[in-house]
Amino acid sequence: MSDERKKFTLYLHPDKDADSLALNVIESVPRTSRGELFRNAFISGLALQQLDPRLPILLATLFSKDFTADQLIEMVSQTTGWKPSQVDIREILAVMRAEQFTPAAQQEKGDDELKKLEGARQKMAKLF
């Protein structure tokens, strides 16, 4: 991989609701972290573009203070045909949260808990 970098420039229009919300998010992030935020947002949008070219446009159009994860899941489902019922994302998040907030001394799991965790991992593998 080369050390060459590319610079991109874009404009946000504060008179548009989605742009204004984006500016609010940007201003809530420390200046030292904004470059990484921009890079991640840019790459994320391109990943959505690769799934379906309509996704970045729809997401930008629907971006509001009331936008929810459920709306995003529904949007991806409708545009790509992905069936969220195949993997219950809430179950995966619950397992991940439980692991994250469990002290290391308490992380010794019984056989049942290990089976549940492995099941969640398999579901995540199917998702991706």
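Everything quoted here is computed from the prediction, not taken from an experiment. Along the sequence shown, residues are numbered consecutively beginning with 1.
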For this session: For side chain to side chain contact (heavy atoms under 4.5 Å, CB included), just list the numbers for L58 and L48, CA-CA rounded to whole Å, side-chain angles, deciding distance to a tenth of an Å, and then say yes or no.
Result: CA-CA 10 Å; L58 289 169; L48 291 172; over 6 Å; no

Exercise. Would you say E27's side chain and N24's backbone share a donor-acceptor pair under 3.5 angstrom?
Worked result: no

Problem set entry | Where F63 and V25 come nearest, the two heavy atoms and their spacing | CZ-CG2, 4.4 Å

For this session: Identify whether F42 and F38 are in the same connected component of the hydrophobic contact network (ILVMFWY, side-chain heavy atoms under 4.5 Å).
Result: no

Problem set entry | Side-chain donor/acceptor of T61 to backbone N/O of I57, under 3.5 Å | yes

Exercise. Step by step, would you call M75 with Q71 a side chain to side chain contact (heavy atoms under 4.5 Å, CB included)?
Worked result: CA-CA 6 Å; M75 184 189 322; Q71 289 173 315; 5.9 Å; no

Exercise. What do the steps show when you test Y11 against D19 for side chain to side chain contact (heavy atoms under 4.5 Å, CB included), and what is the final call?
Worked result: CA-CA 9 Å; Y11 293 97; D19 291 30; over 6 Å; no

Exercise. Would you say L51 and T79 make side-chain contact, with heavy atoms under 4.5 Å?
Worked result: no

For this session: Following the transitive rule for hydrophobic clusters with a side-chain heavy-atom cut-off under 4.5 Å over Ile, Leu, Val, Met, Phe, Trp and Tyr, establish whether L62 and L59 coincide in one cluster.
Result: yes

For this session: Determine whether more than 12 heavy atoms belonging to other residues, nucleotides or ligands lie under 6.0 Å from atom CZ of R34.
Result: yes

Exercise. How long is the gap from CG on L37 to OG on S28, to the nearest 0.5 Å?
Worked result: 8.0 Å

Exercise. Among the clusters formed by ILVMFWY side chains lying less than 4.5 Å apart, do L55 and L10 turn up in the same one?
Worked result: no

Seminar exercise, completed: For A18 and A60 the tightest heavy-atom approach is CB-O, 3.2 Å

For this session: For K6, enumerate each residue passing the salt bridge (Lys or Arg N to Asp or Glu O under 4.0 Å) test, keeping only those at least two apart in sequence or located in another chain.
Result: E4

Exercise. Is a donor on one side and an acceptor on the other found under 3.5 Å between the side chain of S20 and the backbone of D17?
Worked result: no

